[in-house]
Every structure is written in C-alpha cells, then in structure tokens.
Amino acid sequence: MTEQTPATAPTPAPVPEPTPVTGPLTVREISADEAVETLLEVGGSFLQTPAWGRAKAGWRRTHLGWFDAAGRRVGAGTVLSRTIPRLSRSYAYLPEGPGLPWDVVAGDPAAWIDPLVVWAKGTKAFALRLGFPVVSRIWDRDPVKKQVLDNGLLSFTSLPTAVDNPAARSLEAWLDAHDWLPLGADGVAVGQPRLLCIVDLRGRSEADLLKGMNQQWRRNVKKAEKAGVQVRAVGPEGLDTFHDLYVESAQRDNFLPRPKAYFEVMARSFASEDGPVSARFYEAHVDGDVLASALMIRFGRTFSYLYGGSTERNRDARASNALQWQAIRDAAAAGCEAYDLRGFNTSLGATSPLTGLLLFKLGAGADVVEMVGERELVISRFWHLAFQKAMAARIAINKRRKAARASADDADV
C-alpha cells in the first residue's frame, strides 16, 4: 500500500538515566536550538518547539531553559505571549509544556513551577497559562466505545480506569492549593485537549498493531488494499489538495474549517525535511485520485495526526483507513513510541457527527488518555479582566467582518 514514506528524523537514541537534579532551579532565556535539544531529551511536545511558535500568528515566542544549581539545563519550553495593545502587559501561554521531567516535578512542583512564575512576573505577564502534560487516567478502548454508544460521549469518565496516576493526583492537589485554576468544566474543550486518543507503539510489531484494531478497521484495511489505495507523504505542495478535502469534510460534518492560510503558515514553519521536527501531508489515492489527506507532525518519539479530510468519491475504497494505517506503520518503523490521534471535543452530544470521529480513532487501536491539562494562574486580576474584555471585543469585530475562522486561533491546535 505504501507509495512513498516520509523523510523523518533519525530514530532517537535511547535516553540515558538522568543525573539527579540539584536545586535550587532557575529559569532564563535560551536559544531556539537549545530549546529543541532539551525538549528531545525530556520528551517534550511539538507544541513547545520553535516551529510551532512560528506558526502561531499574533503571538510572540520566548524560549526558556530550566537550570539546576550545577548549571545544567534540565528543562525547556516555549512561551507564547500576547500583549494588550499599546501596553507592556502580556498573557503568557505554554501549550502542552514545558518539557520537564514531570515524574520528578510531581514530587516537588514548587521547585520547578515557582521559578517560571518569577520569570513571568518579571516580564509583566498578568496571567500564566500552562498545559501540564502529565497522564492522569487511561481507559481501555472497548469499554469506552460501548459506553459512548449506549450513554453518550462523556459517560465513559465514570468507568473504571486501566491507569490512575497517583503522581497526577499529587500535582493536581498542589495546583489547587496554589490557585492554578483548571480551564473548562465537565470536560468541555478549552485550549489544548485534555482527553487524547493515543496508540501505544512501544514493543509492538505491525501484526500486534493490526490486531489491536477492531474487526471493522481490519476489514477496511483489507478493502483498501483490494481497491488499490496507495499512500504517499508530500510536503507543502500537498496543501491545496488537503484543504479542499478538509473543507469538504467540514461541510459534510458541520464544523467550521480553518482557512488555508493557517495551514500554509504551519507547513512553512515545519518545512525542514531532515530536522528533528517535521510536517507532512499524507495522501491516500487510487490511480492519482486523492480520496483522503491528513496533516502529520513528527517530533522526537511522538508522531501526531493533526487535521484530515476526505471525499465522498469512491468511499468503498476506505482511503482514510489506509492513510491512518500507513502513518501508524511509519511511526513504528521510525522508532516512535506513540501515535497521537489528538483529542476530541467532549462538549459534543452522542449524536454529533464528530462522535463518529472518536469511534474511528478508538477503532484504530487508540486508548483514551486524560492529561492533567491546562491551568491558569492569574497574576494581576485587573489586567486579566482588561485582556478578557479586549479579546471579547476583538472576536466580536471579527465576527462582524465575517472572519470568525481566524479568531479561533487558540481554541485548539
């Protein structure tokens, strides 16, 4: 089924046992290259890379390093800042970050997080928003699927978990006690998703991965093979085809698509073919007729599916299944440990077309993984309120100008 596989970064070397961190810790600015180096060492998110910062129009980016008492750089992150017009006060945001040894952080959060707060206050940030990339709970896919079909999208959170991380409970207790407020309520998506669908690739062969899919998925993979579906990975030249299919899917499933310019900037930002972070458009086609396309990002040991679209043409060829299966295989072959299908909007009802997207991801062999998620620390209530009012006014103006698509920039990836 493979026509061309992506040019990905070399397989990461095994991570050595870390040297114990000696305190106190300090935070200061570092170069973009230093940030990437450390993010790769500690397993940080692509959302913390300089490339992602470049893709976010309207946000200023600052790369930070965490240093221990011996002067070793033991963590890194990229702060995205948005300033109140004509004022020096800013809103600071680290999506899915920073990249830190979070198992160590959970044992003493103040030692790691307080230096960041000190830095933020020194730069006149009035609020600090942080995505805490710590696994909280994991549910197995089969009971989740049954519960969603029977009782709605959010009902599965009442099921017993396969994993319940005590380190996450400890971290959450500290955050609650120190006024780090959770964003969103009852699972409603705010910022980056808290609930992700992730296929665990560690120690699994292609046969294992295929076996981990449900019967319908395996059947569709075989149908795609018989239909002659081939999958190729292309660079920025795949943008137009991708966006056409993405918009067609948006119209079919009744969601608001992002403009092509958003993806054009993203494709340029991740344009390097041989660097540690790269983006590709995967295309599933039959005799050159592209039936499905998806934007993928590889960073370190994680391969992520961000956006996708498909056409109603030749639906029996099951091109979307073929595309995802090839991407999963490529991720495993490149030495990745996780295939990240990203999250889902838990505010949707069980009858929403996007509920089908969740079931599609579960069928691919993904488990539902809940992260500690995004929290916000308000440093200055006065400026925070002023910023909220300014942003509300900006969104209202954009809507009146029929540019609401562009205003959704910080709703998700």
Side-chain angles (χ1 to χ4, degrees), residues 1-15 43 45-46 133 135 137-149 156 159-165 195-227 229-233 280 282 284 292 294 296-306 308 317-344 356-371:
M1 190 184 300
T2 309
E3 180 177 283
Q4 176 185 344
T5 54
T8 56
T11 302
V15 178
S45 168
F46 74 90
V135 173
R137 295 182 289 178
I138 300 176
W139 290 269
D140 289 331
R141 66 194 75 96
D142 290 337
V144 169
K145 180 180 178 180
K146 183 178 187 303
Q147 188 77 355
V148 168
L149 288 171
F156 74 86
L159 292 173
T161 58
V163 173
D164 194 318
N165 184 9
L195 290 161
L196 302 172
C197 294
I198 296 178
V199 179
D200 187 353
L201 304 177
R202 294 173 296 180
R204 302 177 70 190
S205 66
E206 282 191 11
D208 295 331
L209 293 168
L210 192 61
K211 187 177 180 181
M213 296 177 173
N214 66 22
Q215 186 177 26
Q216 184 63 51
W217 249 90
R218 294 194 297 271
R219 187 181 299 122
N220 287 344
V221 167
K222 290 182 179 179
K223 283 184 178 180
E225 291 176 349
K226 291 181 179 178
V229 176
Q230 293 185 314
V231 179
R232 62 193 177 203
R280 295 289 182 273
Y282 270 56
M296 308 286 187
I297 289 183
R298 158 85 188 277
F299 181 62
R301 296 182 293 276
T302 301
F303 197 109
S304 301
Y305 159 66
L306 267 66
R318 303 300 178 184
S320 294
N321 297 89
L323 186 154
Q324 294 292 340
W325 172 229
Q326 187 59 53
I328 290 171
R329 294 168 67 196
D330 289 347
C336 291
E337 296 180 353
Y339 184 74
D340 182 4
L341 284 150
R342 302 304 294 166
F344 52 94
L357 181 60
L358 169 60
L359 298 177
F360 178 84
K361 294 176 179 181
L362 295 178
D367 295 315
V368 176
V369 179
E370 180 187 49
M371 313 302 288

Tell me whether Asp330 contacts the main-chain N or O of Ala327 through its side chain, where contact means a donor paired with an acceptor under 3.5 Å. no
Is Asn214 close to Lys145 at the side-chain level, that is, under 4.5 Å between some pair of heavy atoms? yes
If you take all heavy atoms of Leu341 and Ala366, which pair is closest and at what distance? CD1-CB, 3.8 Å
With Val199 as partner, the option from Tyr305, Phe303, Tyr339 fulfilling side-chain contact (heavy atoms from CB on, under 4.5 Å) is Tyr339
Run Arg219 and Gln216 through side chain to side chain donor-acceptor pair (under 3.5 Å) and show every step you take. CA-CA 5 Å; Arg219 187 181 299 122; Gln216 184 63 51; 2.9 Å; yes
Just verifying a value: how many Å separate Ile328 CD1 and Leu201 CG, rounded to the nearest 0.5 Å? 7.5 Å
Donor-acceptor check, side chain of Arg342 to backbone of Leu306, threshold 3.5 angstrom: yes or no? no
Under a 3.5 Å distance rule, please check whether Arg202 uses its side chain to pair with a backbone N or O of Ala338 as donor and acceptor. no
Going by the rule side-chain hydrogen bond (donor to acceptor under 3.5 Å, both in side chains), which residues pair with Ser320 if we only count those two or more places apart in sequence or in a different chain? none
Check whether any side-chain heavy atom of Leu195 sits under 4.5 Å from a side-chain heavy atom of Glu370, and report yes or no. yes
Heavy atoms only: give me the nearest Leu149-Leu359 pair and the separation to one decimal. CD2-CD1, 3.6 Å
Spatial distance of atom CG (Leu210) from atom CH2 (Trp325) [nearest 0.5 Å]: 4.5 Å
Within the distance-only criterion (no hydrogens, no angle test), does the side chain of Arg141 pair as donor or acceptor with the backbone N or O of Gly365 below 3.5 angstrom? yes
Return yes if some donor-acceptor pair links the side-chain N/O of Lys361 with the main-chain N/O of Gly343 below 3.5 Å, else return no. yes
Heavy-atom pair of closest approach, residues Asp140 and Ala162: OD1-CB, 3.5 Å
Search all heavy atoms of Tyr282 against all heavy atoms of Leu323 and return the closest pair with its distance. O-CD1, 3.4 Å
Could you pull out the closest heavy-atom pair between Ala284 and Val229, with the gap in Å? CB-CG1, 4.0 Å
Tightest non-hydrogen contact, residues Pro133 and Met371, listed as C-CE, 3.4 Å
Using atom types as modelled and distance alone, determine if a side-chain donor or acceptor of Arg298 lies under 3.5 Å from a backbone N or O of Gly300. yes
Would you say the side chains of Arg329 and Gln326 form a donor-acceptor pair under 3.5 Å? yes
Student check: side-chain heavy atoms of Gln147 and Trp139 closer than 4.5 Å: no
When rounded to the nearest 0.5 Å, the distance separating CG of Leu357 from CG of Leu362 is 9.5 Å
